[in-house]
A.B. asks: 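Take a look at this one; I'll ask things after.
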Amino acid sequence: MILLIGISICKLSHTYMQFLYSIYDDADEITRLSSSSTSHLSLPSSTNMSFSDSESSSHPRDGADYKFFRQISRDRLLHEMLGSTKTGDSKAWKILIMDRVTVKVMSKSCKMADITDQGISLVEELFKRREPMPGMDAIYFIQPSKENIVMFLSDMSGREPLYRKAYIFFSSTIPKELVNHIKSDSSVLPRIGALREMNMEYFPIDNQGFLTDHDQALQTLYAENAENSRHFNICLNMMATRIATVFASLKELPFVRYRAAKSTAPRDLVPSKLAAAIWDCISKFKAIPNFPQTETCELLIVDRSVDQIAPIIHEWTYDAMCHDLLDMEGNKHVIEVPSKTGGPPEKKEIVLEDHDPVWLELRHTHIADASERLHEKMTNFASKNKAAQMRSKEGSELSTRDLQKIVQALPQYGEQVDKLSTHVEIAGKINRIIRDTGLRDLGQLEQDLVFGDAAAKDVINFLRTNQDTNPENKLRLLMIYATVYPEKFEGDKGVKLMQLAKLSPVDMKVISNMQLIAGSPENKTKSGSFSLKFDTGKTKQANRKDRSGEEETWQLFRFYPMLEELLEKLVKGDLSKSDYLCMNQSSHKEEESESRTGSVRKSSAPTAVPERKATPHSMRSRRTATWARPHSSDDGYSSDSVLKSASLDLKKLGQRIFVFIIGGATRSELRVCHKLTSSLRREVVLGSTSFDDPPQYITKLKLLSEKDIAGAPAQPFKPQYW
């Protein structure tokens with residue numbers, strides 16, 4: 001029996017690996033199977049479709065541990081879907097069949113070991129030729145499309161079906177005509193063990209973040225004449241469906257708020273159109289048993305017009321620096337590490353992911369703080385080595401590299417030392433790049449521009465004295481400059497700046513394309529001239545104010561995304577009702593008040609933001625703020641899972657806040673959501689069409705003025721991990 005189980009697991013691993021290789025262009029994705037979420041339909045023995053209650057709730061009972069967004073998604077996928085198919089013979093193995101979308105959903109929360117534990121011995125793709133296994137049951141996790149239904153029926157109809165029994169789970173709402181199509185085949189009905197709507201067509205990429213997999217949304221919705229393409233409405237409707245499944249899955253009914261249009265331009269109406277489509281989907285979920293009939297959370301829908309600086313400014317956290325400065329492929333990077341045998345350096349492929357406790361601790365800290373913490377950890381390990389103790393007594397100061405070599409000689413700490421050494425190498429590489437490229441001076445100028453402490457002469461002086469600066473960095477500087485000082489790009493002023501920076505017209509097109517997202521009335525320009533007008537009434541030469549009262553922190557940690565300010569205003573009830581409208585106008589004021597204060601979950605913590613004081617900007621004034629500190633041991637390691645440790649001190653939170661950014665979100669915005677979850681005592685979940693690092697975002701801006709881009713086929717999905 002043990003031998004048979006071993007063979008089954010081997011077969012699972014081999015087949016699943018092949019399956020994922022066939023779906024992903026990047027073999028790295030095989031390392032992470034992940035999340036989903038649910039809300040069900042069932043098929044009773046009478047073959048009538050009906051909604052069935054969810055087995056778990058996103059609202060914890062008194063005394064129960066609070067579960068974050070991603071953990072709920074994972075639990076429902078494993079237990080409500082796979083676990084629900086277990087019969088009296090709990091040892092019976094089953095086959096899992098998915099399409100190209102649902103496998104991405106699965107790959108965001110679960111590992112192969114997770115699904116094996118639920119009795120899955122084989123994973124296959126719906127549209128690939130499969131070997132008949134009439135003695136086994138199959139679980140179908142598929143989208144409710146006509147093509148998928150036809151393929152399912154061909155599998156299970158007739159005298160010789162491929163499998164003994166089928167359990168069908170749909171990723172979103174199935175149209176009635178497709179349900180009737182299934183019911184019309186009398187040979188299939190007796191072979192159906194379950195027929196449910198799981199409502200899990202979104203892609204979690206963080207404990208508090210998800211994507212809808214619309215990497216080209218910026219081009220499809222905001223490019224020139226994008227509204228004339230049929231892809232415009234297709235993109236919006238699919239986006240709305242996938243966002244709605246988040247709320248069906250968690251059984252949350254949101255106040256749907258959105259950025260109001262400033263003009264009648266079609267692209268300025270995108271947030272309002274998306275809000276209406278989401279509300280239309282969510283309204284239908286009220287028929288689900290136990291689905292809330294009154295609002296339980298907030299949903300704020302914005303686009304990139306609310307903050308065009310966050311995607312391009314240099315963010316100085318360890319996470320952002322890794323993806324901005326290093327040659328990363330998704331969450332994968334190749335580094336050189338000292339040889340354990342004393343030979344030349346060896347190449348090592350590393351994956352930065354949530355299951356790495358060191359990464360989880362350091363990712364949202366300033367790069368200088370991360371480097372200091374790594375040195376301290378190495379010092380702690382080296383103190384257990386007699387040779388290091390002797391050198392310390394002799395007065396010889398040990399560098400981080402020296403400590404690394406000593407620590408590597410401690411075999412009893414193999415795995416911990418290996419992870420620590422990896423991060424020492426990465427942080428060291430980042431610090432060398434910052435030093436060699438003079439990035440600190442550029443970063444200071446960027447932030448001074450944003451906060452009104454720098455003007456035109458500072459930008460011009462930098463461009464004149466730093467001719468060797470990377471062209472992309474000069475372009476990013478001018479993009480920030482254009483946002484704060486739009487009048488400096490009117491007429492031929494932009495051309496002169498372009499010449500001074502030695503940038504091409506193609507590069508400078510990015511700046512003019514920012515107007516397509518700005519959301520203000522367009523001003524047509526004469527042929528051959530360069531002009532940019534984001535808001536002609538703007539007189540203040542600063543993009544945002546200093547946040548008084550913040551904890552003292554590291555230099556160049558001054559910048560914050562506008563999302564932080566918007567969410568704080570939302571919680572306090574200060575969000576402008578003219579700039580941000582609500583779809584739930586018929587709701588009672590009492591319910592809206594409860595949503596702001598988080599009273600449904602009876603949060604005892606205050607939701608108002610405390611009065612703030614002036615912020616000093618010393619280079620090394622103190623450690624990272626408490627919200628960024630790990631829920632783990634002093635050395636950054638914990639035997640508990642990441643998802644479990646994240647909820648240890650957050651058992652009782654107020655109502656959730658969801659924010660969705662059309663056109664791509666940034667790492668700084670995800671960082672802010674984690675920060676506000678702690679300070680507001682309300683889980684803040686960030687959703688977006690994609691997560692973009694500065695080079696990706698700039699490329700998308702360049703394409704906005706390209707012809708036919710709105711109708712271009714979607715790029716292959718390449719998951720990004722954090």
A.B. asks: Under 4.0 Å between a side-chain nitrogen and a carboxylate oxygen: does that hold for Asp206 and Arg70?
C.D. replies: no
A.B. asks: For residues Glu252 and Thr296, is any side-chain donor paired with an opposing acceptor at under 3.5 Å?
C.D. replies: yes
A.B. asks: Tell me every residue that passes side chain to side chain contact (heavy atoms under 4.5 Å, CB included) with Ser172, counting only those two or more places apart in sequence or in another chain.
C.D. replies: Pro144, Glu201, Thr241, Thr245
A.B. asks: Please answer whether the main-chain N or O of Leu78 pairs with a side-chain N or O of Glu80 as donor and acceptor at a distance below 3.5 Å.
C.D. replies: no
A.B. asks: Could you verify whether a donor N or O on one side chain and an acceptor N or O on the other, from Asp99 and Asn148, lie under 3.5 Å apart?
C.D. replies: yes
A.B. asks: Taking Lys94 for the side chain and Thr85 for the main chain, is one N or O donor matched with an acceptor at less than 3.5 Å?
C.D. replies: yes
A.B. asks: When rounded to the nearest 0.5 angstrom, what is the spacing between CD1 in Ile120 and CG in Leu82?
C.D. replies: 5.0 Å
A.B. asks: Holding to side chain to side chain contact (heavy atoms under 4.5 Å, CB included), I want the full list of residues that pass it with Ile698, two or more places apart in sequence or in another chain.
C.D. replies: Ile312, Glu472, Leu475, Arg476, Met479, Val510, Lys702
A.B. asks: Please check if atom NZ in Lys348 has more than 12 non-hydrogen atoms from other residues, nucleotides or ligands closer than 6.0 Å.
C.D. replies: yes
A.B. asks: Just how far is it from atom CG of Leu126 to atom CZ of Phe141, taken to the nearest 0.5 Å?
C.D. replies: 12.5 Å
A.B. asks: Any donor-acceptor pair under 3.5 Å linking the side chain of Asp327 with the backbone of His333?
C.D. replies: no
A.B. asks: Compute the centroid of each ring, for Phe285 and then for Phe247, and state whether the two points are separated by less than 6.0 Å.
C.D. replies: no
A.B. asks: Rounded to the nearest 0.5 Å, how far does SG of Cys297 lie from NZ of Lys251?
C.D. replies: 14.5 Å
A.B. asks: Could you tell me which residues satisfy side chain to side chain contact (heavy atoms under 4.5 Å, CB included) with Asp117, sequence neighbours excluded, listed by chain and number?
C.D. replies: none
A.B. asks: Is the side chain of Asp75 donor-acceptor paired with the backbone N or O of Ile72 at a distance under 3.5 Å, no angle test?
C.D. replies: no
A.B. asks: Is it possible for you to check whether Arg656 lies under 6.0 Å from the centre of the six-membered ring of Phe658, through NZ or CZ, and within 45° of that ring's axis?
C.D. replies: no
A.B. asks: If we ignore angles and hydrogens, is there a donor and acceptor under 3.5 Å between the side chains of Thr173 and Lys284?
C.D. replies: no
A.B. asks: Using modelled atom types only, decide if a donor and an acceptor are shared between the side chain of Asn237 and the backbone of Asn233 within a distance under 3.5 Å.
C.D. replies: yes
A.B. asks: Kindly say whether Asp692 contributes a backbone atom to a donor-acceptor pair with the side chain of Ser690 at under 3.5 angstrom?
C.D. replies: no
A.B. asks: Excluding sequence neighbours, so at least two apart, what forms ring-ring contact (aromatic ring centres under 6.0 Å, His included) with Phe152?
C.D. replies: Tyr140
A.B. asks: Sorted by first residue and then second, give each salt bridge (Lys or Arg N to Asp or Glu O under 4.0 Å) pair with at least one member in residues 149-161; sequence neighbours left out.
C.D. replies: Arg130-Asp155
A.B. asks: With sequence neighbours excluded, tell me which residues meet side chain to side chain contact (heavy atoms under 4.5 Å, CB included) with Met238.
C.D. replies: His214, Arg242
